[in-house]
Trainee: 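Here's a structure for you.
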Amino acid sequence: MIDPRYDTQLLLEPVDGEELDPDEIHDYIEENIPGNELLCVGDEDLVKLHFHTNTPWKVLEYCATKGEFYDIVVEDMDRQTRGLKG
C-alpha cells in the first residue's frame, strides 16, 4: 500500500478582503498534518496547494479557515498503482 495514500490538490483564494500567506499555510500544514511532498505556492490572492497525506479532510478543514478553495482533487495513489482510477 502507498503511504501516504492520497494526493491532495486545490486552489485557495482569500475572502472578505483578507490576504493569504503561502508560507504560513505551508508551515501550518507541515507542522500539523502528517504527509509529504508539500507544495504551497502563490501570493496573497491565490495559493496552489499539493500534498500527499492519509488525511486529506484535515487539509480541506484547515484551508476552509483561510478562504475559499476550488479545483479540488483528492486521488487515491494506491488505487492508481493497481491500475484503477484514483
Side-chain angles (χ1 to χ4, degrees):
M1 179 182 284
I2 301 285
D3 188 40
R5 185 172 183 161
Y6 299 101
D7 177 9
T8 307
Q9 304 172 46
L10 58 86
L11 295 174
L12 178 63
E13 288 184 338
V15 293
D16 300 328
E18 297 292 319
E19 292 185 349
L20 297 173
D21 181 343
D23 293 329
E24 174 188 310
I25 295 166
H26 178 281
D27 292 346
Y28 178 88
I29 291 171
E30 185 175 63
E31 293 170 10
N32 294 284
I33 304 174
N36 61 30
E37 304 296 328
L38 176 59
L39 176 65
C40 185
V41 296
D43 57 25
E44 64 275 356
D45 296 318
L46 181 68
V47 169
K48 167 71 176 176
L49 181 84
H50 176 266
F51 189 47
H52 295 172
T53 182
N54 287 327
T55 55
W57 56 89
K58 290 184 179 182
V59 175
L60 300 178
E61 241 176 16
Y62 171 70
C63 288
T65 70
K66 304 312 272 179
E68 294 180 341
F69 54 87
Y70 59 98
D71 286 346
I72 304 155
V73 175
V74 177
E75 295 181 318
D76 186 333
M77 296 183 295
D78 186 61
R79 285 182 54 87
Q80 289 175 337
T81 61
R82 292 183 283 136
L84 304 170
K85 290 196 181 238

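Counting begins at 1 with the first residue of the sequence.
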Trainee: Applying side chain to side chain contact (heavy atoms under 4.5 Å, CB included) between Lys58 and each of Asn32, Ile29, Thr53, Ile33, report the one that passes.
Mentor: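 Result for side chain to side chain contact (heavy atoms under 4.5 Å, CB included) with Lys58: Ile33.
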Trainee: Among Glu24, Glu13, Glu18, find the one that has a salt bridge (Lys or Arg N to Asp or Glu O under 4.0 Å) with Lys66.
Mentor: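 Exactly one option meets the salt bridge (Lys or Arg N to Asp or Glu O under 4.0 Å) with Lys66, and it is Glu24.
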Trainee: Measure the shortest side-chain to side-chain distance between Leu49 and Leu12 over non-hydrogen atoms and say whether it is less than 4.5 angstrom.
Mentor: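 Heavy-atom side-chain distance check fails, nothing below 4.5 Å.
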Trainee: Quick check for you: to the nearest 0.5 Å, what is the distance between His52 atom NE2 and Ile2 atom CD1?
Mentor: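 Output value for this atom pair is 10.0 Å.
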Trainee: Going by salt bridge (Lys or Arg N to Asp or Glu O under 4.0 Å), name the pairs with one or both residues in residues 28-56, residues two or more places apart or in two chains.
Mentor: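 Qualifying pairs: none.
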Trainee: Are the side chains of Phe51 and Leu39 in touch, meaning some heavy atoms are under 4.5 Å apart?
Mentor: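 Phe51 does not reach Leu39 side chain to side chain.
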Trainee: Pair Leu46, Leu11 - check side chain to side chain contact (heavy atoms under 4.5 Å, CB included), show working.
Mentor: CA-CA 7 Å; Leu46 181 68; Leu11 295 174; 4.2 Å; yes
Trainee: Donor-acceptor check, side chain of Asn54 to backbone of Pro4, threshold 3.5 angstrom: yes or no?
Mentor: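 Side chain of Asn54 to backbone of Pro4, a donor-acceptor pair under 3.5 Å: no, none is there.
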Trainee: Could you go through His26 and Asp21, starting from their C-alpha distance and side-chain angles, then the distance that decides it, and tell me whether this counts as side chain to side chain contact (heavy atoms under 4.5 Å, CB included)?
Mentor: CA-CA 9 Å; His26 178 281; Asp21 181 343; over 6 Å; no
Trainee: When you measure from the side chain of Thr55 to the backbone N and O of Trp57, does any donor-acceptor pair fall under 3.5 Å?
Mentor: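 Looks like no, no N/O pair under 3.5 Å.
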Trainee: Hey, could you give me the OG1/CZ distance between Thr81 and Arg79, rounded to the nearest 0.5 Å?
Mentor: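 Output value for this atom pair is 10.5 Å.
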Trainee: So do the side chains of Lys85 and Asp76 get within less than 4.5 Å of each other, counting heavy atoms only?
Mentor: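 No - every pair of side-chain heavy atoms lies 4.5 Å or more apart.
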Trainee: With a 3.5 Å distance limit and no angle check, can you tell me whether Thr8 reaches the backbone of Val74 through a side-chain donor-acceptor pair?
Mentor: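 No, Thr8 side chain to Val74 backbone: no donor-acceptor pair under 3.5 Å.
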Trainee: What distance separates Leu10 CG from Tyr70 OH, expressed to the nearest 0.5 Å?
Mentor: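 So the CG of Leu10 and the OH of Tyr70 are separated by 10.0 Å.
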Trainee: Measuring from Cys63:SG to Ile25:CD1, what's the distance to the nearest 0.5 Å?
Mentor: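 Here the rounded value is 6.5 Å.
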